[in-house]
Amino acid sequence: MAICRSVFLHSPLLHRPPQPQVLSKPTFFSPNYPPKFSKFTKLPLLHPNPKPHSTTISSLACTSSASSSMESPPEGYRKNVGICLINPSKKIFAASRLDMPNAWQMPQGGIDENEDPKVAVIRELKEETGVSTAEVLAEAPSWVAYDFPPEVREKLKHQWGSDWKGQAQKWFLLKFTGNEEEINLLGDGSEKPEFGKWSWMSPEQIIDLAVDFKKPVYKEVLAVFAPYFQ
């Protein structure tokens with residue numbers, strides 16, 4: 001499984017000044033995954049859009065029956081977008097955190113005040129991965145939340161200057177349509193890098209390598225988007 005170091009690219013979507021290009025050779029990584037994984041249940045999709053457009057927010061709406069879903073984010077939770085980015089082989093982008101190298105996750109990021117989640121998802125994808133060439137395939141209609149463990153909550157309280165119970169996320173499914181050289185874990189240079197390595201994974205591998213407090217959200221979100229992984 002290929003793990004790539006990234007190159008600086010800039011995106012006109014974000015209206016940021018051009019960044020210098022840094023080219024480096026890719027490295028390789030092979031996690032020791034369990035030999036068997038559980039099946040995902042297909043959940044129905046609504047309002048199909050047969051012609052998704054690159055970097056536009058026309059999307060499919062998905063339904064979910066999990067009790068953690070909600071129509072609006074709850075009080076006391078930081079609003080956040082989650083990004084499930086798949087490649088043409090229907091594998092999902094995941095990256096290892098610099099502060100927790102054994103913890104892998106899908107990209108995510110906070111929603112700015114008065115920012116539309118549909119705008120935030122494009123901005124966060126570029127900031128964290130360097131990717132701007134993607135099609136939006138689906139949007140989960142409900143928010144899904146998770147609580148921070150006490151030690152994580154305390155750490156983030158000092159880092160952010162706000163005491164959040166956890167994060168309430170709006171999830172989007174996107175298809176990567178660019179060249180892998182576009183992927184750059186240094187992002188667009190506007191934020192401090194969060195990730196050290198990246199890889200394309202199956203849904204089961206994503207859940208297996210996620211931190212425990214994110215696993216329930218990942219199971220729900222990946223079940224909603226399951227038809228796209230077949």
Side-chain angles (χ1 to χ4, degrees), residues 6 8-19 52-62 68-85 93-95 97-100 105-148 152-174 176 178 182-195 198 211 213-214 217-218 221 225:
S6 311
F8 273 117
L9 292 176
H10 64 276
S11 168
L13 262 177
L14 300 177
H15 304 287
R16 300 186 186 279
Q19 302 293 321
H53 300 287
S54 296
T55 62
T56 62
I57 308 300
S58 298
S59 62
L60 306 179
C62 307
S68 59
S69 294
M70 61 210 77
E71 293 305 314
S72 60
E75 292 295 328
Y77 287 77
R78 179 175 180 257
K79 290 196 297 183
N80 190 278
V81 287
I83 305 165
C84 182
L85 180 70
F93 179 92
R97 296 189 60 86
L98 287 172
D99 56 353
M100 299 176 63
Q105 67 177 57
M106 292 180 279
Q108 63 179 53
I111 300 173
D112 294 338
E113 187 175 358
N114 299 322
E115 185 180 29
D116 191 317
K118 297 177 179 66
V119 175
V121 71
I122 300 298
R123 175 182 56 76
E124 284 291 340
L125 180 64
K126 177 64 176 178
E127 287 180 359
E128 293 196 352
T129 70
V131 170
S132 60
T133 310
E135 297 174 351
V136 178
L137 300 180
E139 173 187 350
S142 300
W143 295 80
V144 59
Y146 63 84
D147 291 333
F148 293 132
V152 174
R153 181 173 179 176
E154 187 64 25
K155 175 184 176 181
L156 294 176
K157 178 180 178 180
H158 293 289
Q159 180 178 326
W160 291 339
S162 301
D163 187 16
W164 300 104
K165 298 176 184 177
Q167 301 207 91
Q169 296 182 309
K170 194 66 179 293
W171 277 86
F172 294 82
L173 175 71
L174 293 88
F176 180 54
E182 179 179 332
I183 299 173
N184 176 10
L185 296 187
L186 296 178
D188 61 2
S190 64
E191 299 289 340
K192 182 179 178 181
E194 295 187 23
F195 302 125
W198 68 268
V211 293
F213 63 91
K214 290 184 180 180
V217 167
Y218 278 16
V221 168
F225 294 149

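All heavy atoms count here, side chains included; hydrogens, waters and symmetry mates do not.
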Using only atom types and a distance under 3.5 Å, with no angle test, would you say the side chain of [X] pairs donor to acceptor with the backbone of [Y]?
X      : Y      : result
Thr129 : Val131 : yes
Glu139 : Trp171 : no
Asn80  : Gly109 : yes
Tyr77  : Gln169 : no
Gln105 : Arg97  : no

Quick one: do [X] and [Y] make a salt bridge, cutoff under 4.0 Å?
X      : Y      : result
Glu75  : Lys165 : no
Asp99  : Lys155 : yes
Arg123 : Glu115 : yes

Quick check: closest heavy atoms across [X] and [Y], and the distance to 0.1 Å?
X      : Y      : answer
Glu127 : Ser190 : CG-OG, 3.5 Å
Val217 : Ala145 : CG2-O, 3.8 Å
Ile111 : Pro117 : CD1-CG, 4.0 Å
Ala134 : Leu85  : CB-CD1, 4.2 Å
Val211 : Met100 : CG1-CE, 3.6 Å

Report yes if some heavy atom in the side chain of [X] is under 4.5 Å from a heavy atom in the side chain of [Y]; otherwise report no.
X      : Y      : result
Leu174 : Ile122 : yes
Glu154 : Phe148 : no
Phe172 : Val81  : yes
Phe176 : Ile183 : yes
Arg78  : Ser162 : no
Arg153 : Trp164 : no

Check your understanding: Do the side-chain N and O atoms of Gln108 and Glu124 include a donor-acceptor pair separated by under 3.5 angstrom?
Key -> no

**Study point:** Rounded distance (nearest 0.5 Å) linking atom CE of Met106 with atom CG of Leu173
**Key:** 10.0 Å

Exercise for review: Please round to the nearest 0.5 Å and tell me the distance separating atom SG of Cys84 and atom CG of Leu137.
Suggested key: 9.5 Å

**Study point:** Worked check of salt bridge (charged side-chain N to carboxylate O under 4.0 Å, His left out) between Lys170 and Asp116
**Key:** CA-CA 11 Å; Lys170 194 66 179 293; Asp116 191 317; over 6 Å; no

Review point. Can the ring centroids of Trp198 and Phe93 be said to lie less than 6.0 angstrom from one another?
Key: yes

